[in-house]
4 protein chains.
Amino acid sequence: MIGRTVCTGKDSPRAEVQRERILCAAQKCFIEHGFHAASMANIAAAAQMSAGLMYRYFENKSAIVKAIVERQLQDGRAQIEQLHTSADLAASILQTYRLWLARDPSVMNPALYLEMSAEATRDPQIAAALQESDERIFEALQAWMARDRDDRGLGLPPDIASRRAHLLMQVWNGLAVSAVRRPNQDPAAMRDVIEQFVNRLVMP
Amino acid sequence: MIGRTVCTGKDSPRAEVQRERILCAAQKCFIEHGFHAASMANIAAAAQMSAGLMYRYFENKSAIVKAIVERQLQDGRAQIEQLHTSADLAASILQTYRLWLARDPSVMNPALYLEMSAEATRDPQIAAALQESDERIFEALQAWMARDRDDRGLGLPPDIASRRAHLLMQVWNGLAVSAVRRPNQDPAAMRDVIEQFVNRLVMP
Amino acid sequence: MIGRTVCTGKDSPRAEVQRERILCAAQKCFIEHGFHAASMANIAAAAQMSAGLMYRYFENKSAIVKAIVERQLQDGRAQIEQLHTSADLAASILQTYRLWLARDPSVMNPALYLEMSAEATRDPQIAAALQESDERIFEALQAWMARDRDDRGLGLPPDIASRRAHLLMQVWNGLAVSAVRRPNQDPAAMRDVIEQFVNRLVMP
Amino acid sequence: MIGRTVCTGKDSPRAEVQRERILCAAQKCFIEHGFHAASMANIAAAAQMSAGLMYRYFENKSAIVKAIVERQLQDGRAQIEQLHTSADLAASILQTYRLWLARDPSVMNPALYLEMSAEATRDPQIAAALQESDERIFEALQAWMARDRDDRGLGLPPDIASRRAHLLMQVWNGLAVSAVRRPNQDPAAMRDVIEQFVNRLVMP
DNA sequence: CATGAATGAGACTTCATTCAT
DNA sequence: CATGAATGAAGTCTCATTCAT
C-alpha cells in the first residue's frame, strides 16, 4: 500500500470500462430479446465474461435495466436537441427516422423506447425517469419555439409554443412507433409527410 | 346419451366461451405484468380455471399472446374507425386519449400496444399482424380523407389524403405513447393541441 | 365439478402426505448436513421428488426449516412430558439420553436441537418459537413438582419447585449437548450421575 | 538487503499478527452469521484485508473454522478453570452465565459453542477436537474434586468426584444452551438455582 | 506481500408444459 | 371435460477459491 499507486475499486477506470462492456452487451441483448427475455447469461456471453462477474459492477439485473433506460433517455434527448439546433427541422426529423429504421446503434433504439415505456407502467422508478426526461425535452422544445428568431428560436408566443412542442413530441413518438411497426417502410415516403407537418409547425 | 345434444369440440359455443374467459384473464394479466412476466398460473387463476385446461384451448402461451395481440389490433381499429365516423374529429381523438389515460379495459390498452410493438421486432408473426393491421388502418383513413365531402369524407386530393393519413397515424401513435409515459397528464391540457392539429389536418 | 368428489388443494390428504415426505427428507438432510449446508436439491432427492415440486407445499426453504424446528420442539416436549408421567424419573432421563446417543429418529435430534438454538440468535422467528416452547416446558415441570404427591406430583413448595424445574432443564439441555459431543459415551456410565442428581432433585 | 533482518515466512511475528486479525474478524462474523452463512468476503472486510490474502494464512475457509473452534475450546477451558480456582463456585458459575448473556467477546461464545457442537456430528476433526477438550475438562474437574481440601480441592472420594464432575459439566453445558435460548433472562433469577445446586455438589 | 478481478460451481426459485386421474 | 401434481429446464444470484498484476 505504501509507495505504490494502486488503481482499483469501483470507481477505477477499469471498473468503468467493465461497466461499459456490460452495458453495451446488455443493450444488444435487450434489443434482441427484450428486457425480460434477455438473461444474465446472454448478457455475460455478449460481454465475454462470466455471469457472476457482472454482479461486481451492478447490484442486480434490474440495475442494468435501469442503466440502459437512463442511457436510452440520454440518447433520445441528444437526438431531440439536434432538432432545434439544425437549420432544417424537417430534414433533421427525417434523418432521425432513418436512423431508427436502420437500427443505428449509436442512437436511441425505438424498440427499447417502446418496451421501456410499457415497463414504466409496472416500475415506478422507470416511470419517474421517463417522466423527468420527457419534461426536460418538452421544456427545451418549448423554450426553443418561444425564443426570438434572432436567437435561433422560432419566435412563437408562449402558449402556441407550448402546443406545438407538445404536438412535435407526439409526432416524434409516433415516428418511433412507426419505425418499429413498419421497419421496411421506405423513409423517403415519409419525407413529404414530415415536411408538410413541419411547414405548419414552424409557421408564425 | 339418447335425446341429448352433445355439443363438444373446438368450435362448440362452450369452447368459445372458455377461450373468451382465458383471453379476458390473459389481457388483464398481460396489462398488469407484461407478456413475459405474466405466468400461465396467473392467467389460470384470473380465469378461474386450472392451468392445464388452458392448453385445451390454446396450444401454448405464445398462442395466447398472439390472440391478445389480434384483439388489441381489433380494438385499435375499432377506435380508429370511430374517428372518421364521428362528426367532430378533434373531440373523438381527445376522447380516445381520455380512455387510454383512464385505462378503460374496453378499448385498446396503450401499454400493451407498445409492448406488442416492441415484441414485433422479435416475432415475425406479430410483426406481420401489426403491419397488416396498420395497412388496413392507413387505407381506411386515406379513403375517408379522399372521399367526397358529400359522402362523409374530407374531399382531399389522393396524395394529400395519403400524407395526412400518415400524419394522423403518427399523432395517434404518439398519443398512445403519451398516455403510457405521462399517465397523470390532465387530458384537457391536450385539447388545444389536438384541436389545432385537427384544424389543419382537415383543411382543404 | 358436478357429481364428482374431487379431493385436491393444499389441505387434501395427498398434500399432507407430500408435506410429510418433504419434512422427513428435510429432517434427514438437516441432521446430516445442517440447515445451511443441506440444499433443496438434497432434500428433493431424499424425498424422491423434483426440487420444484417442494415449492407447491412450502413457500421456501426457510419455511421448511421453520417446520422442522417446530417439529423438533414438539418432539422435545413429548420427551419432557414422559419424564413427569413416568414412575422412575432417573430411568426416564437415562432412556432419553440413550435414545439421543442412538440417534433414534423418532425423538428430538440433539444435533438439530443445538443447531436451531444457535440459529435462534440470528432468526427472530426461531428465537420466538424456542422461547415459547421452553416456557411451556418450564411451566409443566414446575406444576408437576409443585403438585401434591397424591396427585402424582412431587409436593414441593412453589419456590423450590421453580428452582428445581430450572435445574432439571439445565441438566436436560446439558445431556443433549453431551449426546452430541460425546457420541461414543457409554450411556450406562451416566446412570449413577443421573440417579444421584434425581435423588436430590425430588427430595422434599 | 545487507544489515536488514528479513523476517518473513509463515512463522514470522508478522504472520502471527495477520492470523490473529483474521481470526478476530472470523469470530465476529461467525457469531453474527454462523459458520456457513458467513462468507470469506465478510471476514475479509471485517479484517480489513483482501479476500485473497487470507489464503496466505489459512488453507481455506474450513481451516479458519477449525482455528475458531480451537479458540472457543480454549476460551471454554479457561472459564472452567476459573471455577475451581475460585473461592466461591456458585458465584463463579453465575458470573460465567452473566458473561454469556452479555455476549462478552472475551469469553467463549455460547452460540458458537452450540453451532460447533452440532458441526461435530458432521466433521470428524471437529468432533475429535471437542472430545479431547471435554476429556481434559472432565479430568481437571474430577481431579479438583478429589484433591484434598487442604490442597484447594473438595476432598471427595474418586467415584463421587467423577459423578459430580460429570454433573457439573452437564449443568455448565445446560447454562450455555440457556444463555442462547433465553437471552433476555435476568441472570439474577438463576442465582438461587445455581447456589442450591452448588451447595449439594460440594457437599462431602 | 497484497490486491481484487475473475471464474465456475452450485444455491434457491419460477414456470411452461404434460399427464394420470 | 377438467384438474393440479409433477417435472425439467432455465433464471437470478452468491461464494470459495485462484491468479495476474
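All values below were derived from every heavy atom in this structure, side-chain atoms included, with hydrogens, water molecules and symmetry-related copies excluded. In the text below, chain A, chain B and the rest are named by the order of the sequence lines, each starting its count at 1.
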Original post:
Which one, F:dT3, E:dA16, E:dC12, comes nearest to the side chain of B:Leu53?
Top reply: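 Closest of the options to the side chain of B:Leu53: F:dT3.
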Subject >> 5' precedence on DNA chain F between D:Asn60 and A:Lys61 (nearest-nucleotide basis) >> reply: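 The residue whose closest nucleotide sits nearer the 5' end is A:Lys61.
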Distance check needed: [N] [atom2] versus [X] [atom1], whole Å only.
{"X": "B:Phe58", "N": "E:dA16", "atom1": "CZ", "atom2": "C1'", "result": "16 Å"}
{"X": "B:Met40", "N": "F:dT3", "atom1": "CE", "atom2": "C1'", "result": "15 Å"}
{"X": "D:Glu59", "N": "F:dA16", "atom1": "CD", "atom2": "C1'", "result": "13 Å"}
{"X": "A:Ile22", "N": "F:dC13", "atom1": "CD1", "atom2": "P", "result": "13 Å"}
{"X": "D:Tyr57", "N": "F:dA16", "atom1": "OH", "atom2": "P", "result": "20 Å"}
{"X": "A:Met54", "N": "E:dT7", "atom1": "CE", "atom2": "P", "result": "11 Å"}

Original post:
Does any non-hydrogen side-chain atom of D:Phe58 lie less than 4.5 Å from one of D:Arg19?
Top reply: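 SC-SC contact between D:Arg19 and D:Phe58 confirmed.
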Original post:
Does any non-hydrogen side-chain atom of A:Val65 lie less than 4.5 Å from one of A:Phe30?
Top reply: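 A:Phe30 reaches A:Val65 side chain to side chain.
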Subject >> Strand-adjacent residues in residues 24-37 of chain B, judged by heavy atoms under 4.0 Å from DNA chain F >> reply: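 Of all residues in residues 24-37 of chain B, none places a heavy atom under 4.0 Å from DNA chain F.
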Subject >> For DNA chain F, the residues among residues 42-50 of chain C that have a non-hydrogen atom under 4.0 Å from it >> reply: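 Output list: C:Met49, C:Ser50.
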Original post:
Who passes salt bridge (charged side-chain N to carboxylate O under 4.0 Å, His left out) against B:Glu20, sequence neighbours left out?
Top reply: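 For B:Glu20, the residues satisfying salt bridge (charged side-chain N to carboxylate O under 4.0 Å, His left out) (neighbours in sequence not counted) are B:Arg71.
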Subject >> Qualifying residues under salt bridge (charged side-chain N to carboxylate O under 4.0 Å, His left out), relative to C:Arg103, sequence neighbours excluded >> reply: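 C:Arg103: no salt bridge (charged side-chain N to carboxylate O under 4.0 Å, His left out) contacts found.
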Subject >> Pairs flagged by side-chain hydrogen bond (donor to acceptor under 3.5 Å, both in side chains) wherever residues 33-46 of chain D is involved - sequence neighbours left out >> reply: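 Of all non-adjacent pairs touching residues 33-46 of chain D, those that pass side-chain hydrogen bond (donor to acceptor under 3.5 Å, both in side chains) are D:Ser39-D:Asn42.
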Only counting residues at least two apart or in another chain, list the ones meeting side chain to side chain contact (heavy atoms under 4.5 Å, CB included) with [X].
{"X": "A:Ala47", "answer": "A:Ala25, A:Met49"}
{"X": "A:Glu70", "answer": "A:Leu73, A:Ala129"}
{"X": "A:Ser62", "answer": "A:Asn60, A:Lys66"}
{"X": "A:Gln72", "answer": "A:Gln27, A:Ile68, A:Asp75, A:Met108, A:Asn109, A:Leu112, A:Met116"}

Original post:
Think A:Tyr55 has a side-chain N or O under 4.0 angstrom from the OP1 or OP2 of F:dT14?
Top reply: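 For F:dT14, OP1/OP2 do not have a side-chain N/O of A:Tyr55 under 4.0 Å.
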Original post:
Any side-chain N or O of A:Arg56 under 4.0 Å from OP1/OP2 of E:dG4?
Top reply: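 For E:dG4, neither OP1 nor OP2 has a side-chain N or O of A:Arg56 closer than 4.0 Å.
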Original post:
Between the main-chain N or O of B:Gly34 and the side-chain N or O of B:Glu115, is there a donor-acceptor pair closer than 3.5 Å?
Top reply: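 No.
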Original post:
Mapping B:Ser39 and C:Ala51 to their closest nucleotides on DNA chain E, which lands nearer the 5' end?
Top reply: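 Taking each residue's closest nucleotide, the earlier one in sequence belongs to C:Ala51.
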Original post:
Atom CD in B:Glu119, atom CG in A:Leu114: separation rounded to 0.5 Å?
Top reply: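 If we round to the nearest 0.5 Å, B:Glu119:CD and A:Leu114:CG are 12.0 Å apart.
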Original post:
Between which residue ranges does DNA chain E form stems of three or more consecutive Watson-Crick or G-U wobble pairs, both distances under 3.5 Å?
Top reply: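 DNA chain E forms these stems: E:2-21 with F:2-21.
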